[in-house]
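Structure, as C-alpha cells:
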Number of protein chains: 2
Amino acid sequence: MKSIESSPLTRKLSAFVALSEVELAVLQRLHQRRKSFAAGRDLVHQGQSEQSAYILAAGWAVSYKIQPDGSRQIVDFQIPGDFLGLRSVLLHTSDHGIEPIVDIQAAEVFVSDLLEAFAQTPRLATAILWAVSRDEAMVVEHLVGMGRRDADARMAHFLLELGARLSLVGMGSRAGYACPLTQYHLADALGLSAVHVNRVLRKLREDRLVTFRNGLVTIENYEGLVELADFDPAYLDQTGPLLK
Amino acid sequence: MKSIESSPLTRKLSAFVALSEVELAVLQRLHQRRKSFAAGRDLVHQGQSEQSAYILAAGWAVSYKIQPDGSRQIVDFQIPGDFLGLRSVLLHTSDHGIEPIVDIQAAEVFVSDLLEAFAQTPRLATAILWAVSRDEAMVVEHLVGMGRRDADARMAHFLLELGARLSLVGMGSRAGYACPLTQYHLADALGLSAVHVNRVLRKLREDRLVTFRNGLVTIENYEGLVELADFDPAYLDQTGPLLK
DNA sequence: CGGTATGTTGAGCCACATCAAAATGCGTGG
DNA sequence: CCACGCATTTTGATGTGGCTCAACATACCG
C-alpha cells in the first residue's frame, strides 16, 4: 500500500479524485513494465506514429517541435507523474518529439491497458481526463505568455509554474528547487533567444527576485515574482478532491 | 437515426472510433437540454467556477483570457461539434472566458452526465479523451506558431487550420469558407496588433495567396499557403477510425 | 443620416533578434 | 593533477519585425 501511494501519478490524481482501493490497484497495474532511458536519446520521434505512452517515474523530459527552419519550440517539460506521449497515442501521430533531459525511468502503457482500466473504473477515466485537461491548461497558460507577456514576465511565470508543479510531487518549495535545464531550454520554451534569456535572468537576479544557477532555482522574493508574472496557480492546485 | 448522425460532435468522434448503436444513443442523450445564447454575451466568465459544459451545435464561439493590463489573448475558436468549457468543469475553475461570436445553439452537459456516459461505455470515454487531445494538439500548434513563426506564417497557418476544421464538419473546402471573425479577433488570437494583422492580410492578398474580406475567406493558392505556413494537417485529419 | 464598429495607411520607436567573441565550468584521458 | 575539448554562460554592438500613436476611410445599423 505504501508503494502504491508513493507513485507520483497516484499522488497527482489523488488531488483530484479520492481513489478507492480498487482504483489504486488498477492505477498501480499501469506502472508495470518499468523501463530506463538515457538522457538525450529521443523517446518519441517527431513524425513517427507511436504505439505506446509512458508514465514518467523519475527524471525530467522535454516535449518539443522542430520547425523546418531548424528552430525548436519546446511545448512543455515533464516531471515525475506526468504522461509522456499520451497525445501521440490517441491521435495516432506524433506531431512532436520527446527527449529525456536526464536519465529517466518510465512505465510503458498501451492503449489497450488504458481501455481496460477505464472499463474497470470509469472514475479513473475521469481522473485521467482531468490530468489531460490540466496539461492543456498549462499549454494554454504558456500560449498566453507567448502572446501577451513580455520576456521578463514570461520567465517569471515559467519559473513559478514549474515550482508549483514540483511542489505537488514533493520536489520543490516556495524557496526554490533543483532544475537541470539549460538556458537554451528556457529560450526554446519561452520563444526567446538564448542570449536574451541570459539578460532576463541577470535582471531578475539583480532585482533580487530569483536566481537561476548551477541547476538550482532560488526564489528570493516570491510575492514580487508572482506580481511580475501575474501568476495564479488555480489551475495547478486543487484545494481538495472534486469528485467524492 | 438520421438525426443522430447529423450531430457535428458525433461526426467528429466517428472519425476516431466506430461508435455502436448504444454509444450513439448515449452520445445523443448528451444533446438534450438545447439552449440558445446571444452573440457577445459571455457564456462562461473568467474567474467563476463553472458547473456545466456545453456542446456547440450551431454558430461560432471564442475562448480567451484577459490579462490584468487589459490585453486579450484568444486561445481558440470553437465551431459546431466542439466542447465549450469542458476544461473549466474538470478543473473546477475557469481560467478563461467564452463568448459567442454570433448567436449560438449549445447543449448543456453536466459532469454527472459525462460520468454516467463513461460508466455505460468506456469506449466513449476514450473517444472524448481523443477529442480533448485533439484540442490540445491545436493549442500546441498555436503555441508553436507564437513562439517560432513570423506574422505571415502564423496567419497562413491559422487560416489553413480553420479551413481544415470547418471542412471536417461540412462548413468549408479548400477553396475557402465563411468566417465571421474580425481583424481584432485575428490579432488577439495570433498575438499581433490589429494594425499589423491588416498589413499581413494585405500582403497575403497581394501575393495572391488568400483573401480575407466581408466574412469570407477565399483561398487562391492552397499549395503556396501550405508552404508559407508549413502546414501539416496530420493532427486534424483522421484517415480512418483508430479504434475498431 | 449621424454613430459606432471595423478596416486602412503612415511615421517613429523599442523589445528582442542576430552576430561575434570571450569567460567559465566540467568531464575525460593522459 | 593537469590539459584539452566541449557545453554553457556572459557581455557588447548592431539590426529589425512588429508595436504604438494618429488619422482617415468605409460599412453597417437604427
Side-chain angles (χ1 to χ4, degrees), chain A residues 38-41 60 62 67 69-74 99 101-103 145-156 158-159 179-206 210-218 228, chain B residues 38-41 60 62 67 69-74 99-103 145-159 179-206 210-218 228:
Chain A
R41 298 265 284 279
W60 292 51
V62 56
Q67 294 297 102
D69 69 356
S71 67
R72 178 174 74 160
Q73 175 64 49
I74 289 179
E99 176 189 309
I101 292 175
V102 297
D103 292 351
M146 300 285 256
R148 297 294 183 211
R149 276 197 272 264
D150 67 16
D152 295 5
R154 223 133 92 195
M155 179 68 74
F158 174 80
L159 294 176
C179 169
L181 306 179
T182 68
Q183 294 186 4
Y184 287 95
H185 283 127
L186 297 181
D188 286 344
L190 302 178
L192 301 169
S193 66
V195 171
H196 201 62
V197 162
N198 186 277
R199 294 193 224 274
V200 169
L201 287 176
R202 168 153 57 115
K203 180 146 186 302
L204 294 181
R205 198 187 320 130
E206 284 169 1
V210 62
T211 302
F212 182 101
R213 202 162 247 181
N214 303 323
L216 222 57
V217 175
T218 313
L228 171 61
Chain B
R41 299 264 284 279
W60 292 52
V62 55
Q67 294 298 102
D69 67 357
S71 67
R72 176 173 76 160
Q73 174 65 48
I74 288 179
E99 175 189 310
I101 291 175
V102 297
D103 293 351
M146 301 283 257
R148 295 297 184 210
R149 276 198 271 262
D150 65 18
D152 295 4
R154 230 181 292 177
M155 178 67 74
H157 195 280
F158 174 80
L159 294 176
C179 170
L181 306 180
T182 68
Q183 293 186 2
Y184 288 93
H185 283 125
L186 297 180
D188 286 344
L190 301 178
L192 301 170
S193 66
V195 171
H196 201 62
V197 162
N198 187 279
R199 294 193 224 275
V200 169
L201 287 176
R202 167 153 57 117
K203 181 148 186 299
L204 294 181
R205 198 187 320 130
E206 284 170 0
V210 63
T211 302
F212 183 99
R213 202 162 247 184
N214 304 322
L216 222 59
V217 176
T218 313
L228 172 61

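Reminder, nothing fancy here: chain letters follow the sequence lines and each chain counts from 1. Any value given below was found using the heavy atoms of this structure, including those in side chains, with hydrogens, waters and symmetry copies removed. Keep in mind that what you see is a predicted model, and the values were worked out from it rather than measured.
- In this structure, H196(A) atom NE2 and dA15(C) atom P are separated by 9 Å, rounded to whole Å.
- Across all strands shown, R154(A) has no heavy atoms under 4.0 Å from either base or sugar-phosphate atoms.
- The nearest whole Å value for the distance from the CG atom in L204(B) to the C1' atom in dT8(C) is 16 Å.
- R202(B) places its CZ atom 12 Å from the C1' atom of dG7(C), with the value rounded to the nearest Å.
- Counting any heavy atom pair closer than 4.0 Å across all strands shown, L192(A) reaches sugar-phosphate atoms only and no base atom.
- Here the P atom of nucleotide dG18(D) and the CZ atom of R149(B) are 13 Å apart, to the nearest Å.
- Counting non-hydrogen atoms under 4.0 angstrom, D150(B) reaches the backbone sugars and phosphates but no base.
- Residue contacts for R199(B): at a heavy-atom cut-off of 4.0 Å it reaches a base atom on one of the strands shown.
- Nucleic acid contact class of G215(B) (heavy atoms, under 4.0 Å, all strands): none.
- Atom CD1 of I101(A) and atom C1' of dT8(D) are 15 Å apart (whole Å).
- Following rounding to the nearest Å, Q183(A) (CD) and dT8(D) (P) show an atom-to-atom distance of 10 Å.
- Inspection of the S193(A) and H196(A) side chains reveals no N or O donor paired with an N or O acceptor under 3.5 Å.
- Rounding to whole angstrom units, OH of residue Y184(A) and C1' of dC6(D) are separated by 12 Å.
- For N198(A), no side-chain nitrogen or oxygen approaches OP1 or OP2 of dT9(D) to under 4.0 Å.
- Under the 4.0 Å criterion applied to side-chain N and carboxylate O atoms, R148(A) and D69(B) are not assigned as salt-bridge partners.
- Counting any heavy atom pair closer than 4.0 Å across all strands shown, G191(A) reaches sugar-phosphate atoms only and no base atom.
- Using a 4.0 Å heavy-atom cutoff across all strands shown, S193(B) reaches at least one base atom of the nucleic acid.
- The nucleotide whose nearest atom lies closest to any side-chain atom of V195(B) is, among dG7(C), dA20(C), dG10(C), dG10(C).
- At whole-Å resolution of the value, CZ in R148(A) and P in dG18(D) are 13 Å apart.
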Checklist entry - Stepwise, does the side chain to side chain contact (heavy atoms under 4.5 Å, CB included) test hold for V210(A) with V217(A)? => result CA-CA 7 Å; V210(A) 62; V217(A) 175; 3.8 Å; yes
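- Under the side-chain contact (heavy atoms from CB on, under 4.5 Å) test applied with L186(B), the options L201(B), N198(B), L192(B) reduce to a single match, L201(B).
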